[in-house]
Amino acid sequence: MNTKEETNKTITEALSDWIRGVFSEQFGADIDLSGVGVVQAANPQFGDYQCNAAMSLAKVLKRPPRAVSEQVVANAPSHPAVDRLEIAGPGFINIYLSDAWLLQTVSAIDQDSQLGVPRSGAGHTVVVDYSSPNVAKPMHIGHIRSTIIGNSIDRLHRLLGYNVIADNHIGDWGTQFGIIMMGYRHFLDKDALARRPVEELERVYVKSYEKSREDENWLTQCREELVKLQSGDPENTALWREFIGLSLSEFDRIYKRLGVSFDLVRGESFYNDKLADTVALLEEKGMAEESEGATVVFLEEEKLPVCIVKKSDGGFNYATTDIATVASRVEEFRPDKIVYVTDERQQLHFKQFFTICRKLGCETELNHVWFGLMRLPEATFSTRQGNVIKLEALLDEAEQRAFDIVSASSPEMSEDDQREVARAVGIGAVKYADLSQNPQTTVTFTWDKALALDGNSGPYLQYAYARIASVHDKYTERFPDGNLDAFDIVLTEPIERELALKLIRFPDVVKRAASGYKPSTIADYLYELAQCYSSFYQNVPFLKAEEGIRESRVKLCGITAQVLRGGLQLLGIETPARI
Ligand code: ARG
C-alpha cells in the first residue's frame with residue numbers, strides 16, 4: 001500500500017479491490033463483480049476480514065462455491081497487508097492480516113493528523129444545509145437536532161478532505177411575517193422585548209397566529225402586512241430586519257455554546273428575486289401549469305402529490321425557494337452533492353423538489369437526511385418559556401449536573417477548572433445522547449443515560465480519554481529518562497492485536513459514517529474502542545512490564561487516545577485532559 005493511489009484507500013477498500021482483481025482475472029471481466037468485496041470478520045475465528053463472494057457468484061459461474069474460492073486463493077498474488085488466506089465452510093475466504101503490516105499501519109497513526117483517514121473527498125464540494133431555524137418563529141427541538149447532526153456530517157466530510165460549505169438556510173421570509181407584524185403592533189410588551197427578545201417575538205407570534213385562526217378580519221390584516229413587506233414598504237422592511245437581527249443574535253448564542261459555525265448564513269430571502277424566473281422556467285419546460293389560479297407541477301408519474309410553486313395570490317412557496325436555491329448553489333459552488341438535514345416531517349417536500357430539480361436537468365446529488373423526534377424531559381421546564389430558552393435551560397442543567405459530577409470526582413481542581421470541564425462534559429453529554437442514536441428513531445432524552453459514567457455516554461468516553469491520556473504522564477513520572485521513540489510497537493498479547501485492529505478500522509468507520517450520514521456509526525465505534533482498550537488495560541501489565549513491551553504499550557495507549565479524541569471531535573465533543 002505504498003503508491004499514492006493506494007494510500008487514498010481504507011483497508012477494506014484496498015482488500016476489496018485486490019480480491020475483486022483476482023476474481024476478475026480468474027472468471028473474466030464480463031461478469032458483474034461489483035458486489036465482490038471484503039468485510040470485517042464477524043468473529044476472530046474467521047480471520048480479520050472475510051470475503052463471501054463465492055457464495056453469491058457460484059450460480060453464475062456454475063461451480064460449487066468452495067471450488068470458486070479455491071481457485072481464487074490458489075491464484076491470489078501476494079498483498080503487503082495479507083499474511084494468509086483460508087477457506088472455511090461452504091466457501092468463505094478468511095483473510096489474516098500480516099502482523100508486520102498491522103504494526104506499520106497502527107504506528108503510522110501516531111504521526112498522522114488524519115489518523116489514517118484518506119482525504120478521498122479532496123477536489124469535491126459538498127453543501128450541507130443544516131440548522132436553518134425560522135426567524136421570529138419558535139426554534140424547536142428539530143432545529144437543535146439538525147444543528148447537532150448536521151454539524152457532525154459537516155465535520156466528517158471536512159476530515160475526508162471535502163470542500164464543505166455549511167449553509168444555515170434561515171427561514172427569513174414567508175407568511176409568518178404578516179402574523180408577527182400584527183402581533184408586534186398590538187400585543188408587544190416592550191420590557192419583555194428588551195429582556196428576552198426572541199421569547200417575546202415568539203409570544204406575540206403565537207398570540208397573533210391563534211387570533212388569525214378565529215378572526216377572519218385579523219387574518220386579512222396579517223395578509224395585508226405581508227403584502228406591504230413583499231412590496232418593499234420601508235416601515236415593514238425595517239421591522240423585518242429588526243426581527244432577523246434579534247433572532248440571529250439569539251441563535252448565535254446557542255451556536256457558540258455548541259461549537260457550531262457556518263460558512264454561509266443565507267436566508268430564504270436571498271433567493272427572492274429568482275423565484276419568478278424559476279416558475280417561468282418550469283412553465284417554459286412544460287412542467288408547470290395553471291390550476292385553480294395557482295401554478296403547480298404535477299408529479300403523477302413519480303406517484304407524488306402535486307407541488308404548488310405559485311399560489312393563487314401570487315406568492316411563492318417553500319418548494320419554489322428550494323428549487324431556486326439549488327440552481328443558485330449549483331451555479332456558484334459546482335457542488336458534487338447537497339445534503340439537507342431536517343426532521344422527518346419534511347420528507348415529502350424534499351422528494352417533491354428533488355424530483356423537480358432532476359427533471360430540470362440538475363445532476364448534482366441531492367440528499368435529504370431526516371431524523372425522528374427527540375423527547376426532552378419536559379418537566380424540567382416551565383411551559384411558558386420559548387424553545388430557544390428551553391434549549392439554553394437544557395444546556396445549563398447539563399452543565400450544572402456535570403459540575404456536580406466533576407466537583408465530586410476531582411475535588412483538588414480549582415472551581416474555575418471544574419466549571420470549564422463541566423461545560424465540556426455537559427454539552428458533550430447532550431450531543432452524544434443525540435448523535436449516538438440511529439437518527440431515524442424517536443429518541444427519549446434522560447439525564448441518567450446522558451450522564452452515565454459507566455454506559456454508552458459522552459462523559460464515559462471523555463473520561464476514558466482522560467484516563468488513557470494520563471498513562472503517558474504516569475510513564476514519564478516513573479521513568480523520567482524513558483524514551484518512547486527508541487522503541488517500536490510490538491504485539492505480544494492477543495488483546496493488543498485486537499486493539500491494533502480496531503485502531504486501523506477508524507478510516508473505514510469515518511467513511512461509512514459520512515457516506516451513510518450517520519454519526520452514530522462513529523459513536524458505536526468509539527464505545528467499542530473504549531471497551532477494547534479497557535480490557536487491554538485490565539489484562540496486561542503496563543508500567544510493570546519489561547522495558548520495550550512497556551514502551552510499546554504506552555505508545556499504543558497514546559494512539560488509542562488520539563483516535564478517541566479525533567472521533568469525539570467528529571461528534572463536536574471536546575476532550576478535557578482531566579475530568
Ligand atoms: N426553515 C425550515 C424549517 O424550519 C428548514 C429549512 C431546511 N432547509 C431547506 N433548504 N429547506 O422547517
Side-chain angles (χ1 to χ4, degrees), residues 126-151 153-154 164-177 179-180 198 201-202 205-206 209 240 243-244 247-248 250-252 254-255 260 262-272 274-275 278 307-309 315-333 335 337-358 360 362 364-374 386-388 390-391 439 517:
V126 50
V127 175
V128 189
D129 175 320
Y130 71 96
S131 192
S132 311
N134 301 315
V135 167
K137 244 179 153 180
M139 181 169 185
H140 56 71
I141 190 64
H143 297 120
I144 309 304
R145 288 204 79 187
S146 170
T147 308
I148 294 176
I149 296 171
N151 185 245
I153 290 174
D154 168 343
V164 178
I165 296 164
D167 188 359
N168 190 359
H169 189 75
I170 301 277
D172 67 352
W173 199 251
T175 46
Q176 79 257 37
F177 286 99
I179 299 171
I180 173 117
V198 171
L201 290 183
E202 285 180 8
Y205 167 81
V206 170
Y209 175 76
W240 171 69
F243 297 156
I244 295 177
S247 294
L248 285 183
E250 287 215 7
F251 298 154
D252 281 344
I254 287 174
Y255 296 143
V260 167
F262 298 94
D263 300 293
L264 289 178
V265 182
R266 272 187 190 164
E268 291 176 17
S269 65
F270 180 85
Y271 306 94
N272 278 352
K274 301 183 166 66
L275 303 181
T278 301
C307 180
I308 303 176
V309 289
F316 299 102
N317 274 21
Y318 186 39
T320 327
T321 309
D322 265 322
I323 298 165
T325 305
V326 168
S328 159
R329 285 173 176 161
V330 167
E331 187 184 302
E332 189 174 350
F333 306 114
K337 46 184 186 173
I338 308 179
V339 182
Y340 301 81
V341 188
T342 80
D343 72 45
E344 60 191 4
R345 292 170 300 180
Q346 298 201 25
Q347 287 177 82
L348 176 60
H349 164 71
F350 282 96
K351 274 191 196 138
Q352 286 178 312
F353 91 77
F354 284 1
T355 305
I356 295 173
C357 289
R358 260 178 239 120
L360 280 173
C362 167
T364 303
E365 188 186 318
L366 304 170
N367 289 297
H368 180 216
V369 177
W370 57 269
F371 50 83
L373 279 174
M374 167 132 96
N387 283 285
V388 172
K390 274 191 198 172
L391 175 74
Y517 306 110

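Note that ligands are numbered from 1 as they come in the structure, with each ligand's atoms numbered from 1 the same way. Residues: numbered from 1 along the sequence shown.
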- Message: Any carboxylate oxygen within less than 4.0 angstrom of a Lys/Arg side-chain nitrogen, looking at R266 and E332?
- Response: yes
- Task: Please list, chain by chain and in numerical order, all residues satisfying salt bridge (Lys or Arg N to Asp or Glu O under 4.0 Å) with R358, sequence neighbours excluded.
- Result: none
- Message: I'd like to know if the side chain of R145 reaches the main chain of V341, judged simply by a donor and an acceptor atom lying under 3.5 Å from each other, with no hydrogens or angles considered.
- Response: no
- Note on the structure: The side-chain contact (heavy atoms from CB on, under 4.5 Å) partners of N272 (sequence neighbours excluded) come to W173, S269, L275
Tabulate distances under 3.5 Å between N/O atoms of ligand 1 and N/O atoms of the protein, writing both atom names on each line.
residue	atom	partner	partner atom	Å
ligand 1	1 (N)	S132	O	2.9
ligand 1	1 (N)	N134	OD1	2.7
ligand 1	4 (O)	N134	OD1	3.4
ligand 1	4 (O)	N134	ND2	2.9
ligand 1	4 (O)	H143	NE2	2.6
ligand 1	8 (N)	D129	OD1	3.1
ligand 1	10 (N)	D129	OD2	2.9
ligand 1	10 (N)	D322	OD1	2.8
ligand 1	11 (N)	Y318	OH	2.8
ligand 1	11 (N)	D322	OD1	3.4
ligand 1	11 (N)	D322	OD2	2.9
ligand 1	12 (O)	Q346	NE2	2.7

- Message: Under the criterion ring pair (Phe, Tyr, Trp, His ring centres under 6.0 Å), I'd like the reasoning laid out for Y340 against F354: C-alpha separation, chi angles, the key distance, then a yes or no.
- Response: CA-CA 11 Å; Y340 301 81; F354 284 1; 5.6 Å; yes
- Would you please name every residue forming a side-chain contact (heavy atoms from CB on, under 4.5 Å) with L360, sequence neighbours left out? L281, L282, K285, M287, I323, I356
